[in-house]
Amino acid sequence: MVAEVNELSREEIAQAVAGYSFEVKREEKKETLPELSNVGREVVMRFAPNPSGPLHLGHARAAVLNDAYVKRYGGKLILRLEDTDPARVYPPAYEMIQEDLRWLGVEVHDVVIQSSRLEIYYEHARKLIEQGHAYVCECSAEEFQRLKLDRQECEHRGKSIRENMADFERMFTEYKEGEAVLRLKTGVDLRDPAMRDFPIMRISETPHPRVNARVYPLMNFSVAVDDHLLGITHVLRGKDHIVNTRKQEFIYRFFGWEMPEFIHYGRLKIEGVALSTSKIKEGIEAGRYTGWDDASLGTLRALARRGFRSEAIRRAMLEVGIKQSDISFSWKNLFAYNRELLEPIANRYFFVASPVEVEIHGMPEFSRDVRLHPDYPERGSRTLVLKPERGVGSVFIAKSDYEKLREGSFVRLMEGFNIEILEKGREKARARFHSLELDEAKRRRAKLIHWVPAQDRVAVEVIKPEGRDEGYGEAALKKVKRDDVVQFERYGFARIDRAGKGVVAYYAHP
RNA sequence: GCUCCGGUAGUGUAGCCCGGCCAAUCAUGCCGGCCUUUCGAGCCGGCGACUCGGGUUCGAAUCCCGACCGGAGCACCA
């Protein structure tokens, strides 16, 4: 039976199988994420980035995990853009973030922008003042910190509700930036100094790109108000927010609201790429990066440009999960997931980095069709041609291969023929044609190296995260299109960024 | 310093809540074999971990205590 099936060609198998339907193994199927607790009602979750730049790998975790849970429970995901610090708003980010989410396959049901909700925060702040839970404080940050660490109340704490109401209105008109904040009256003798009378509203005179305002809620306030008003049932976020969750608990208590479920995941250490949006922005302005999709960045658009599929990133993030312990993100694992997706679609080509010429004497006419993909003959083939002049043919090989050659070395040019090195110079080698048969190469355990005929080649530049490789590609590369993902044999996967006479490819991984 | 978390193979992860079925799962990685005109894929096999020390218990990766290590927070950022 097995032998019988093995006799069949790929197409025959495809035909035989076409009649059956298979349950597609989706990522959620072997998902290891734990169940959420308290999922009686509809699950509503949110992804709440700061619009300071496009999304990066760190964001992907929160986005994918929220999305996965919402999909599992048939709930709703709200994208909330937290732009209450005008100094940190990068206007194009509002759109970029949504593009990135679409690319990631994250389904957003609703978009909320905090700067459009300032009135709501003001109203809630007034309520807190009326209830005696908040006061306007004129201490400088340093002054207050000193008192706080000393468990001392400041002189403003004892003001009447009427005074506080009046002073709050003065925040909109009279006080300058830094002169007053609204503080929540949590207590100055709380065990954790971070909890003591923390501020919930402040003044910023930095112009906001979307609204004309000067009083803004601080994160803990707007987050609590929004999470409640938007009906968020489960909050998934990094453990750097654990303290914020406890701060927000005060707000829920003062309003008599029910807390959502909070889940805090640990830090994800990602090596080798720049992630901080502010640093990236600086770098772009300084010309150190070509843009938000510079190959050395960890932004989603940079990964996309290099040929990463969003499914691979999703899988990596689901694998990482929501544990509270810190973890090191492994590029190798991501590479493996991505390779699995790319391998069947990437056609094979030869590309020699830092080319060195090898002159082959006694070379007969050579031409051979080679499959674009070894497993899919139906995709067609490319042709490797070497036309010798007076018995001398010329090819390029990669410098890394060239360095391993010695005089007398016997190597096989892949998909081609066997040669023997006669003379190895600094910039060029002389070799002689030996034979055509692969068996001969196998018998001698010859190294197989890729190559490009000198007479028919295309200039290729490969942009890598850590630099660039320049070299030649085989002539068939003239026909690749932008966005094709190819496999340069013995080199790695890359996405074609510019097609045509001069190919530019962005390197993904081996 | 104060407050609060966490520690399963190189990496990630399951198991821990409700102790025995765990001489610990899966993936990735690495090594070897088969196959293959490379790399990769595929198939087969292998390597590799419960941070340490006490305690509870017939029995502990799982519960308790301590140590060690790692992390977060102590902003008028999010």
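Order of the sequence lines fixes the chain letters, A, B, ..., with proteins taken first and strands second; residue numbering starts at 1 for each chain. Computed from a predicted model, the values in this text were never measured in an experiment.
Within 4.0 Å (heavy atoms only), A:Y337 reaches sugar-phosphate atoms of the nucleic acid but no base atom. If you check every strand for non-hydrogen atoms under 4.0 Å, A:I327 touches sugar and phosphate atoms only. A:R412 comes within contact range of at least one nucleobase, with a heavy-atom separation under 4.0 Å. As judged by a 4.0 angstrom heavy-atom cut-off over every strand, A:E415 is placed among the base-contacting residues.
Between the CG atom of A:N333 and the C1' atom of B:A9 there is a distance of 13 Å, rounded to whole Å. Between the C1' atom of B:U37 and the CZ atom of A:F366 lies a distance of 11 Å, rounded to the nearest Å. Taking atom CZ of residue A:R237 and atom C1' of nucleotide B:C5, one finds them 15 Å apart after rounding to whole Å. Atom CG in A:L318 sits about 16 Å away from atom P in B:U28, given to the nearest Å. Protein atom CH2 of A:W331 is 23 Å distant from nucleotide atom P of B:A27, rounded to whole Å. Rounded to whole angstrom, the span from the CG atom of A:L341 across to the C1' atom of B:A41 amounts to 13 Å. Regarding A:I263, its CD1 atom lies at a distance of 17 Å from the P atom of B:C5, rounded to whole Å. In this entry the distance linking CG of A:D375 with P of B:A41 reads 11 Å, nearest Å.
For the C1' atoms, the distance linking B:U25 with B:C68 amounts to 28 Å, nearest Å. The C1' atoms of B:C4 and B:A61 are separated by 24 Å, rounded to the nearest whole Å. Taking atom P in both B:A49 and B:A23, the straight-line distance is 15 Å, to the nearest Å. Comparing the P positions of B:C52 and B:C69 gives an interatomic distance of 15 Å, to the nearest angstrom. Rounded to a whole angstrom, the distance from the C1' atom of B:C58 to that of B:U3 is 41 Å. A gap of 12 Å separates the P atoms of B:C65 and B:G6, to the nearest Å. Only the P atoms considered, B:G48 is 25 Å distant from B:G54, to the nearest whole Å. Nucleotides B:U11 and B:C17 are separated by 27 Å at their C1' atoms, to the nearest Å.
For A:P374 and A:R196, each mapped to the nucleotide of RNA chain B holding its nearest heavy atom, the one lying further toward the 5' end belongs to A:R196. Between A:I322 and A:H373, the residue anchored nearer the 5' end of RNA chain B, judged by the nucleotide with its closest heavy atom, is A:I322.
Annotation: cation-pi geometry satisfied between A:R253 and A:F250 (NZ/CZ under 6.0 angstrom from ring centroid, within 45° of ring axis). Judged by the 6.0 Å distance and 45° axis criteria, A:R170 is positioned over the aromatic ring of A:Y175.
Using a cut-off of 4.0 Å between Lys/Arg side-chain N and Asp/Glu carboxylate O, A:E440 and A:R412 are scored as not salt-bridged. Ionic pairing of A:E474 and A:R457 is not present here: no N-O contact between side-chain nitrogen and carboxylate oxygen is shorter than 4.0 angstrom. For the pair A:K464 and A:D469, the salt-bridge criterion is met [side-chain N within less than 4.0 Å of a carboxylate O]. A salt bridge does not link A:D375 with A:R348: every distance from a Lys NZ or Arg NE/NH1/NH2 to an Asp or Glu carboxylate oxygen is 4.0 Å or more. Note on A:D401 versus A:K447: no salt bridge recorded, every NZ/NE/NH1/NH2 to OD/OE distance being 4.0 Å or above. Taking 4.0 Å as the cut-off between side-chain N and carboxylate O, A:E142 and A:R146 do not count as a salt-bridged pair.
Residues satisfying the salt bridge (Lys or Arg N to Asp or Glu O under 4.0 Å) criterion with A:R46, sequence neighbours excluded, are A:D227. Annotation: side-chain hydrogen bond (donor to acceptor under 3.5 Å, both in side chains) contacts of A:N66 (sequence neighbours excluded): none. Every residue was checked against the side-chain hydrogen bond (donor to acceptor under 3.5 Å, both in side chains) condition with A:R88, not counting sequence neighbours, and none meets it. The side-chain hydrogen bond (donor to acceptor under 3.5 Å, both in side chains) check on A:N333 picks up nothing, with sequence neighbours excluded. The ring pair (Phe, Tyr, Trp, His ring centres under 6.0 Å) test applied to A:Y90 returns A:W292, not counting sequence neighbours. Residues meeting the side-chain hydrogen bond (donor to acceptor under 3.5 Å, both in side chains) test with A:H264, sequence neighbours left out: A:T245. By the side chain to side chain contact (heavy atoms under 4.5 Å, CB included) test, A:S409 pairs with A:L405, A:R406, A:I421, sequence neighbours left out.
At a non-hydrogen distance threshold of 4.0 Å, nothing from residues 168-175 of chain A comes into contact with RNA chain B.
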Pairing string, 5' to 3', for RNA chain B - Watson-Crick or wobble contacts under 3.5 Å, brackets [ ] where pairs cross, | to another strand: (((((((..(((.......[.....)))((((((.......))))))...(((((..]....))))))))))))....
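Shown here, B:A14 is classed anti by the O4'-C1'-N9-C4 or O4'-C1'-N1-C2 angle, which is more than 90° from 0.
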With the criterion being N/O to N/O and under 3.5 Å, what pairs connect the protein with nucleotides 75-78 of chain B, and how long is each?
{"from": "B:A75", "atom 1": "OP2", "to": "A:Q145", "atom 2": "NE2", "distance (Å)": "2.7"}
{"from": "B:C76", "atom 1": "N3", "to": "A:G178", "atom 2": "O", "distance (Å)": "3.2"}
{"from": "B:C76", "atom 1": "N4", "to": "A:C139", "atom 2": "O", "distance (Å)": "2.8"}
{"from": "B:C76", "atom 1": "N4", "to": "A:G178", "atom 2": "O", "distance (Å)": "2.9"}
{"from": "B:C77", "atom 1": "OP1", "to": "A:R202", "atom 2": "NE", "distance (Å)": "3.4"}
{"from": "B:C77", "atom 1": "OP1", "to": "A:R202", "atom 2": "NH1", "distance (Å)": "2.3"}
{"from": "B:C77", "atom 1": "OP2", "to": "A:R202", "atom 2": "NE", "distance (Å)": "2.9"}
{"from": "B:C77", "atom 1": "O2'", "to": "A:D85", "atom 2": "OD2", "distance (Å)": "2.9"}
{"from": "B:C77", "atom 1": "O2'", "to": "A:R88", "atom 2": "NH1", "distance (Å)": "3.3"}
{"from": "B:C77", "atom 1": "O2", "to": "A:R88", "atom 2": "NH1", "distance (Å)": "2.5"}
{"from": "B:A78", "atom 1": "OP1", "to": "A:T84", "atom 2": "OG1", "distance (Å)": "2.9"}
{"from": "B:A78", "atom 1": "OP2", "to": "A:M219", "atom 2": "N", "distance (Å)": "2.8"}
{"from": "B:A78", "atom 1": "O3'", "to": "A:E82", "atom 2": "OE1", "distance (Å)": "2.4"}
{"from": "B:A78", "atom 1": "N6", "to": "A:N244", "atom 2": "ND2", "distance (Å)": "3.1"}

Name the pairs: protein N/O against N/O of nucleotides 67-71 of chain B, kept only if under 3.5 Å.
{"from": "B:G71", "atom 1": "O4'", "to": "A:D326", "atom 2": "OD2", "distance (Å)": "3.1"}
{"from": "B:G71", "atom 1": "O3'", "to": "A:R267", "atom 2": "NH1", "distance (Å)": "3.2"}
{"from": "B:G71", "atom 1": "O2'", "to": "A:D326", "atom 2": "OD2", "distance (Å)": "2.6"}

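When distances are taken from the side chain of A:I242 to each of B:C4, B:G73, B:G29, the shortest belongs to B:C4. Of all nucleotides listed (B:G7, B:C4, B:U28), B:C4 comes nearest to the side chain of A:R191. Considering only the side chain of A:K323, B:A14 comes nearest among B:U37, B:A27, B:A14.
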Return a table of donor-acceptor pairs under 3.5 angstrom between the side chains of residues 177-184 of chain A and protein atoms on other chains or two or more places apart.
{"from": "A:E177", "atom 1": "OE1", "to": "A:E205", "atom 2": "N", "distance (Å)": "2.6"}
{"from": "A:E179", "atom 1": "OE1", "to": "A:K176", "atom 2": "N", "distance (Å)": "2.8"}
{"from": "A:R183", "atom 1": "NH1", "to": "A:D197", "atom 2": "O", "distance (Å)": "2.9"}

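For A:E343 against B:G40, a side-chain N or O and a base N or O form a donor-acceptor pair under 3.5 Å.
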